[in-house]
Asks: 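Please find one structure pasted underneath; my questions will follow.
These values consider heavy atoms only, across backbone and side chains, with no hydrogens, waters or symmetry-generated copies.
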Amino acid sequence: MDTAKSYNILKVKGDNSEHVEDLVVTEYPFTIFIDDEEIITLLCTPKCLKELTLGFLLSESIIESLDDVKKIQIDGTYGRG
């Protein structure tokens with residue numbers, strides 16, 4: 001998945017304007033499951049999804065440490081972890 005897309009935009013600065021190509025960061029829905037139970041769907045860039053998942057689970061006290069996790073599987077096609 002791409003983390004940015006190119007768009008033609010109208011850039012305006014003061015009285016001047018011009019059409020330029022610019023990159024815009026894209027977000028995708030990413031759903032976290034535990035034992036086939038949907039926990040949450042987050043909007044995020046499709047990078048570092050394992051770290052995002054672990055950080056979310058730790059910050060929400062769903063797990064107490066990384067030792068609580070037996071396996072992480074990221075499905076990039078469907079945005080599921």
Asks: Using a 6.0 Å cut-off, check whether atom CD of Glu64 has over 12 heavy atoms from anything other than its own residue.
Replies: no
Asks: Is it the case that atom CD in Glu37 sees more than 12 heavy atoms from other parts of the structure closer than 6.0 Å?
Replies: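 No - once you tally the heavy atoms of other residues, nucleotides and ligands closer than 6.0 Å, there are 12 at most.
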Asks: Would a single hydrophobic cluster contain both Phe30 and Leu43, if residues Ile, Leu, Val, Met, Phe, Trp and Tyr are joined by side-chain heavy-atom contacts under 4.5 Å?
Replies: no
Asks: Show, in sequence, the C-alpha distance, side-chain angles and deciding distance for Ile40 and Phe56, and conclude whether the side-chain contact (heavy atoms from CB on, under 4.5 Å) test is met.
Replies: CA-CA 10 Å; Ile40 192 168; Phe56 176 82; 3.6 Å; yes
Asks: Over all heavy atoms of both residues, which pair between Glu38 and Thr41 is shortest? Give the atoms and the distance, please.
Replies: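 Smallest heavy-atom distance, with atoms named: OE2-OG1, 3.4 Å.
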Asks: Considering only heavy atoms from C-beta outward, does the side chain of Tyr7 approach that of Asp22 to under 4.5 Å?
Replies: no
Asks: How long is the span from the OG1 atom in Thr31 to the CD1 atom in Ile39, to the nearest 0.5 Å?
Replies: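 Thr31 OG1 to Ile39 CD1: 11.0 Å, rounded to 0.5 Å.
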Asks: With side-chain contact (heavy atoms from CB on, under 4.5 Å) as the test, would you mind laying out the steps for Phe33 and Asp35 before giving the verdict?
Replies: CA-CA 6 Å; Phe33 291 84; Asp35 296 329; over 6 Å; no
Asks: Taking C-beta and beyond as the side chain, do Asp68 and Leu57 meet within less than 4.5 Å on heavy atoms?
Replies: no
Asks: Which value, rounded to the nearest 0.5 Å, describes the distance between Tyr28 atom OH and Thr45 atom OG1?
Replies: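 Atom-to-atom, Tyr28:OH and Thr45:OG1 are 10.0 Å apart.
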Asks: Quick check: closest heavy atoms across Thr3 and Lys47, and the distance to 0.1 Å?
Replies: CG2-CE, 3.4 Å
Asks: Can you give me the closest heavy-atom contact between Lys50 and Ile74, atom names plus distance?
Replies: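 Nearest pair, atom of Lys50 first, then Ile74: N-CD1, 4.1 Å.
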Asks: Roughly how far, to the nearest 0.5 Å, is the CD atom of Glu27 from the CG atom of Leu42?
Replies: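 Taking CG in Leu42 and CD in Glu27, the distance rounds to 10.5 Å.
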Asks: Find the distance between CD (Gln73) and OG1 (Thr53) and round it off to the nearest 0.5 Å.
Replies: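 Gln73 atom CD to Thr53 atom OG1 measures 11.5 Å (nearest 0.5 Å).
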Asks: Take Asn8 and Val20 through the side-chain contact (heavy atoms from CB on, under 4.5 Å) test and state the conclusion after the steps.
Replies: CA-CA 6 Å; Asn8 289 317; Val20 297; over 6 Å; no
Asks: To the nearest 0.5 Å, how far apart are NE2 in His19 and NZ in Lys11?
Replies: 13.5 Å
Asks: Does the side chain of Ser6 pick up a donor-acceptor pair with the side chain of Glu21 at under 3.5 Å?
Replies: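 Side-chain D/A pair, Ser6 to Glu21: present.
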Asks: Looking only at heavy atoms, which two atoms of Leu54 and Ile63 are closest? And how far apart?
Replies: O-CD1, 4.4 Å
Asks: Would Leu66 and Leu58 satisfy side-chain contact (heavy atoms from CB on, under 4.5 Å), going step by step from the backbone distance to the final call?
Replies: CA-CA 8 Å; Leu66 298 180; Leu58 281 166; 4.1 Å; yes
